[in-house]
Amino acid sequence: MPFNMTQISPKVVCLGSLNMDLVIQVQRAPSEGETVQGESIRYVPGGKGANQAVSCARQGARVSMMGRVGTDHHGKVLCDALQKDGIAIQGVQVDPEESTGVAMVMVEESGLNRIVVIAGANGKLSLDESQLVQELSDAQFLVMQFEVPMEQVLQAAKVARRLGCKVVLNPSPAKILPEELWSLVDVMIVNETEARFLTGLSPDTDPQVAAEVGRQLIANGVAQVVVTLGALGAVATDRGGCTYHPAPQVQVVDTTAAGDTFLGVVTVGLASNQSLTASVDLGIRASTLCIQTMGAQPSIPTLAQTLQSSSVPSWISL
Ligand code: RIB
């Protein structure tokens, strides 16, 4: 079902990392002790927080970014990139000492990637309560991941909850959640690795196991859970039940930011009062487009591009 473009666009605050991605294309990643010849290297704006902000903005949401960069050239390029997407950056701090976060992204011919992140300024993010209140008081959703300090994530979730703003958490890279964070999360979006870390279950090839992951995370206090399964699609779970959303099969160029694209689309869908199933279907269409282009932010589609793409197979109740 297409989104209603006539309604006032929702406001989303994205609190998280901004990284300059060094994207290295190789035929295959080297084994231990081996040297391989790469094909190319590119500098591409990335970082889970910034990518998710871009995805929300390209869906038509009003977006504010909260994060931290260095005084270096990378920081300026990343902020400029966000502004080109109409994202407000008054919540992006500039660290006088640390350099901007960097991610080394190695992309194999298969399109699969391996990422090493150097947190830099992301690791020094420190927000005061008044800043959070200012950003969140008129927002519908707060989106966060784990590439910034956990205390900041927890503090922001508490402020958001107090102000009636819903919290979307992508616990990536996977870490143990502080006990009190669970009940502050409205929507949790996890991939197979994060699902395994949080529940001990391996949903990789089985949507029924992904549904069980969803049920376990809901039992921990989260209201809605989506488990992404790469080429297999995603499983959405809420107290009403579980649905499996298969993904169309396409030629993969680079999977970087597919999860970030998906999260942004689902968040804006929910913030626009779409159902979880409709939002997940649209998220799968958008991430299917994303994986057919190289790089993080350049590969995130707009709402119009997503709506023009072919529809996905129908979802199935589990
Ligand atoms: O989710 C993809 C992102 O993870 C990359 O852009 C990289 O910067 C890392 O944060």
Side-chain angles (χ1 to χ4, degrees), residues 13-26 29-30 36 38-58 63-108 111-127 143-149 152-153 170 172-173 175 191 253-264 287 290-291 293-302:
V13 174
C14 291
L15 190 157
S17 59
L18 298 97
N19 295 329
M20 181 56 79
D21 290 356
L22 269 63
V23 183
I24 297 171
Q25 265 187 289
V26 286
V36 297
E39 318 262 311
S40 67
I41 181 162
R42 282 177 238 195
Y43 291 77
V44 182
K48 292 184 196 304
N51 296 344
Q52 293 174 13
V54 167
S55 179
C56 290
R58 291 189 188 163
V63 182
S64 281
M65 179 80 208
M66 300 189 84
R68 195 168 177 105
V69 294
T71 54
D72 47 28
H73 181 64
H74 286 167
K76 180 173 172 1
V77 172
L78 293 175
C79 288
D80 287 351
L82 293 180
Q83 282 188 303
K84 271 197 202 126
D85 270 293
I87 297 167
I89 59 159
Q90 70 271 6
V92 179
Q93 305 168 347
V94 180
D95 191 297
E97 283 158 15
E98 288 288 343
S99 48
T100 300
V102 174
M104 202 200 79
V105 183
M106 193 180 291
V107 184
E108 293 184 73
L112 296 177
N113 62 37
R114 290 177 165 77
I115 304 181
V116 179
V117 175
I118 305 295
N122 294 305
K124 292 285 162 64
L125 178 67
S126 164
L127 302 155
V143 165
M144 297 186 289
Q145 327 72 33
F146 284 165
E147 285 187 336
V148 292
Q152 304 302 312
V153 172
N170 173 214
S172 178
K175 287 182 190 159
N191 67 14
V253 173
D254 174 15
T255 57
T256 310
D260 301 328
T261 297
F262 179 83
L263 183 143
S287 49
C290 169
I291 61 175
T293 304
M294 183 63 68
Q297 288 169 28
S299 68
I300 299 172
T302 61

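Numbering of residues begins at 1 and proceeds along the displayed sequence.
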Quiz item: Are Arg58 and Pro301 close enough that some pair of their side-chain heavy atoms sits under 4.5 Å apart?
Solution: no
Quiz item: Taking C-beta and beyond as the side chain, do Val69 and Asp95 meet within less than 4.5 Å on heavy atoms?
Solution: no
Exercise. Decide side-chain hydrogen bond (donor to acceptor under 3.5 Å, both in side chains) for Gln25 and Ser40; before the verdict, give the C-alpha distance in whole Å, the side-chain angles of both, and the deciding distance to 0.1 Å.
Key: CA-CA 5 Å; Gln25 265 187 289; Ser40 67; 3.0 Å; yes
Practice problem: Decide yes or no for Arg114 and Glu108: does some side-chain heavy atom of the first lie under 4.5 Å from some side-chain heavy atom of the second? | Solution: yes
Quiz item: Is any NZ, NE, NH1 or NH2 atom of the basic residue among Lys124 and Glu97 found under 4.0 Å from an Asp or Glu carboxylate oxygen of the other?
Solution: no
Quiz item: Should we say atom NZ of Lys175 is surrounded by more than 12 heavy atoms from elsewhere, each under 6.0 Å from it?
Solution: yes
Practice problem: Find the distance between CD1 (Ile41) and CE (Met104) and round it off to the nearest 0.5 Å. | Solution: 8.5 Å
Exercise. Determine the minimum heavy-atom distance between Ser17 and Lys48, stating which atoms define it.
Key: OG-N, 3.1 Å
Quiz item: Is the closest side-chain heavy-atom distance between Thr100 and His73 below 4.5 Å?
Solution: no
Quiz item: Tell me, do Leu82 and Leu18 make a side-chain contact under 4.5 Å, heavy atoms counted?
Solution: yes
Practice problem: Could you walk me through whether Leu22 and Val102 pass the side-chain contact (heavy atoms from CB on, under 4.5 Å) test, one step at a time? | Solution: CA-CA 7 Å; Leu22 269 63; Val102 174; 3.6 Å; yes
Quiz item: Going by heavy atoms in the side chains, are Val94 and Arg68 under 4.5 Å from each other?
Solution: no
Exercise. Go through the steps to decide whether Ile87 and Val54 satisfy the test side-chain contact (heavy atoms from CB on, under 4.5 Å), and finish with yes or no.
Key: CA-CA 8 Å; Ile87 297 167; Val54 167; 4.0 Å; yes
Quiz item: How far apart are the C-alpha atoms of Asp254 and Thr293, what are their side-chain angles, what is the distance that settles it, and do they pass the side-chain contact (heavy atoms from CB on, under 4.5 Å) test?
Solution: CA-CA 6 Å; Asp254 174 15; Thr293 304; over 6 Å; no
Exercise. First locate atom NE2 of His74, then atom CG of Asp21, and finally report the distance between them rounded to the nearest 0.5 Å.
Key: 10.5 Å
Quiz item: Val63 and Ala57: which non-hydrogen atoms are nearest, and at how many Å?
Solution: CG2-N, 3.5 Å
Practice problem: Could you tell me which non-hydrogen atom of Gln145 sits nearest to which non-hydrogen atom of Val148, and how far apart they are? | Solution: O-CG2, 4.3 Å
Quiz item: Which pair of non-hydrogen atoms, one from Val44 and one from Pro298, has the smallest distance, and what is that distance?
Solution: CG1-CD, 3.3 Å
Quiz item: Could you walk me through whether Ser172 and Asn170 pass the side-chain hydrogen bond (donor to acceptor under 3.5 Å, both in side chains) check?
Solution: CA-CA 6 Å; Ser172 178; Asn170 173 214; 4.5 Å; no
Practice problem: Start with the C-alpha gap between Ser99 and Asp72, add the side-chain angles, then the distance that decides, and say whether side-chain hydrogen bond (donor to acceptor under 3.5 Å, both in side chains) holds. | Solution: CA-CA 6 Å; Ser99 48; Asp72 47 28; 4.6 Å; no
Exercise. Please determine, by modelled atom types, if Asn51 and Gln297 share a side-chain donor-acceptor pair under 3.5 angstrom.
Key: yes
Self-check item: Min side-chain heavy-atom separation Glu147-Val117 under 4.5 Å
Solution: yes
Self-check item: Electrostatic pair Asp80:Lys84 at N-O distance under 4.0 angstrom
Solution: no
Quiz prompt | Considering all heavy atoms, the nearest Ala53-Cys14 contact | solution = CA-SG, 3.4 Å
Quiz item: About how many Å separate CG of Leu127 and CD of Gln152, when rounded to the nearest 0.5 Å?
Solution: 5.0 Å
Quiz prompt | Residue pair Leu125 / Leu15, side-chain heavy-atom distance below 4.5 Å | solution = yes
Quiz item: Between CE of Met65 and SG of Cys79, what distance do you get to the nearest 0.5 Å?
Solution: 9.0 Å
Self-check item: Asp260 side chain to Ser55 side chain, donor-acceptor N/O pair below 3.5 angstrom
Solution: no
Quiz item: Would Asn122 and Asn19 count as a side-chain contact (heavy atoms from CB on, under 4.5 Å) if you check the C-alpha gap in whole Å, the side-chain angles of each, and the deciding distance to 0.1 Å?
Solution: CA-CA 8 Å; Asn122 294 305; Asn19 295 329; 2.9 Å; yes
Quiz item: If every non-hydrogen atom of Leu78 is compared with every non-hydrogen atom of Met20, which pair is closest and at what distance?
Solution: CD1-N, 3.8 Å
Practice problem: Measure the spacing between CE of Met294 and OG1 of Thr256 and express it to the nearest 0.5 Å. | Solution: 8.0 Å
Quiz prompt | From Met66 atom CE to Met144 atom CE, the distance as rounded to the nearest 0.5 Å | solution = 11.0 Å
